[in-house]
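Counting convention: from 1, in listed order, for ligands and their atoms alike. Numbers for residues simply follow the sequence, beginning at 1. When reading the values below, keep in mind they use all heavy atoms of this one structure, side chains included, and skip hydrogens, waters and symmetry mates.
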Amino acid sequence: MAKKLLVIANWKMYVQSQEAAKAYVAGLKRKLKTIGGVEVWLAPSFSILPLLKGIKVGAQAVSAHADGAHTGEVSSAMLKAAGASFVIIGHSERRAVSDTNEAVHEQLVRAAEAGLVPVLCVGEQERTQDGSHWNFIEEQLASALRGAQSLAGKLVVAYEPVWAIGKSAQDAMQAEELQETVIFIRKTLAELLGRTDALKVRILYGGSVEGDNAQKLLVEGGVGGFLVGHASATLDDFVAILKQCKK
Ligand code: 13P
């Protein structure tokens, strides 16, 4: 099981200027000197990623292709060369515009080839009465991880229910519901990767995590950390979450 809590800032397209990004990172590094027990990674946009030093950075997306005629795409090798250590794969905002389960699988393979840690996002559109959201999550995991057993030691899974993204802390997932889902994901990972490897996978939660709900989600939800969107765009809001990261 993962030791330290992991919190990843997914800046999406919120932080746009290079100056703002650099100032944020400088401030964050100062704050981290007094906040212990939590590992912090940052996912800026492609144009900003190579400029950020002294903090673990990763990309928000990667091409399913290794090279060639793919206008607008960025390969895993290019990301690695630009300084990325990890990449977010299968985010619902990417699945909504282009990424199929098959593409997500290919991206995962490309990430592994380049030595990038994949942060695989899964999550249902909505909770259903008949429980079909469980099948949905299971299918996303199974198709992405097909034949990728060797990744287990490095893999991070971010559970992000689409219905809980971009709201406020009150409207996010409740801790009890989260705990049940984390157990389900761990069980599914055990079936796919084997029990020992499944225990090595960090399972994060994303979807309206803010300073107000972070601690409850962590303690009662049983996650190993967070993937934070809007509340990571402003340093003070992000630090408020990091301060709550005590189990
Ligand atoms: P919010 O924190 O804005 O809900 O976004 C979550 C998310 O999509 C992180 O990847």
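Ranked by closest heavy atom to atom 6 (C) of ligand 1, the top entry among E160, E93, Q60 is E160.
Heavy-atom contacts of L227 reach the following atoms of ligand 1: 9 (C), 10 (O) (cutoff under 4.0 Å). Atoms of ligand 1 found under 4.0 Å from any heavy atom of G207 (numbered from 1 in listed order, with element): 4 (O), 6 (C). Within the listing of ligand 1, atoms 9 (C), 10 (O) sit less than 4.0 angstrom from a heavy atom of N10.
In this structure, a donor-acceptor pair under 3.5 Å is absent between the side chains of N101 and Q140. Of the N and O atoms on the side chains of T181 and R127, at least one donor lies less than 3.5 Å from an acceptor on the other residue.
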How far apart are the C-alpha atoms of Q60 and H91, what are their side-chain angles, what is the distance that settles it, and do they pass the side-chain hydrogen bond (donor to acceptor under 3.5 Å, both in side chains) test?
CA-CA 8 Å; Q60 298 174 12; H91 192 284; over 6 Å; no
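Considering backbone and side-chain N/O atoms, K167 never comes within less than 3.5 Å of an N/O atom of ligand 1. Inclusion of G166 in the set of residues having an N or O under 3.5 Å from an N or O of ligand 1 is warranted.
Counting Ile, Leu, Val, Met, Phe, Trp and Tyr side chains that sit under 4.5 Å apart, directly or through other members, L227 shares a hydrophobic cluster with L6, I8, W41, F86, I88, V117, V119, V156, L204.
The protein heavy-atom contact nearest to atom 3 (O) of ligand 1 is H230 ND1, 2.6 Å. Here the heavy atom of the protein found nearest to atom 2 (O) of ligand 1 is G229 N, 2.9 Å. The protein heavy atom nearest to atom 5 (O) of ligand 1 is K12 NZ, 3.1 Å.
Salt bridge annotation for E210-K167: absent, with no cationic side-chain nitrogen under 4.0 angstrom from a carboxylate oxygen. Ionic pairing of E160 and R95 is not present here: no N-O contact between side-chain nitrogen and carboxylate oxygen is shorter than 4.0 angstrom.
Under the side-chain hydrogen bond (donor to acceptor under 3.5 Å, both in side chains) criterion, no residue pair touches residues 14-37, with sequence neighbours excluded.
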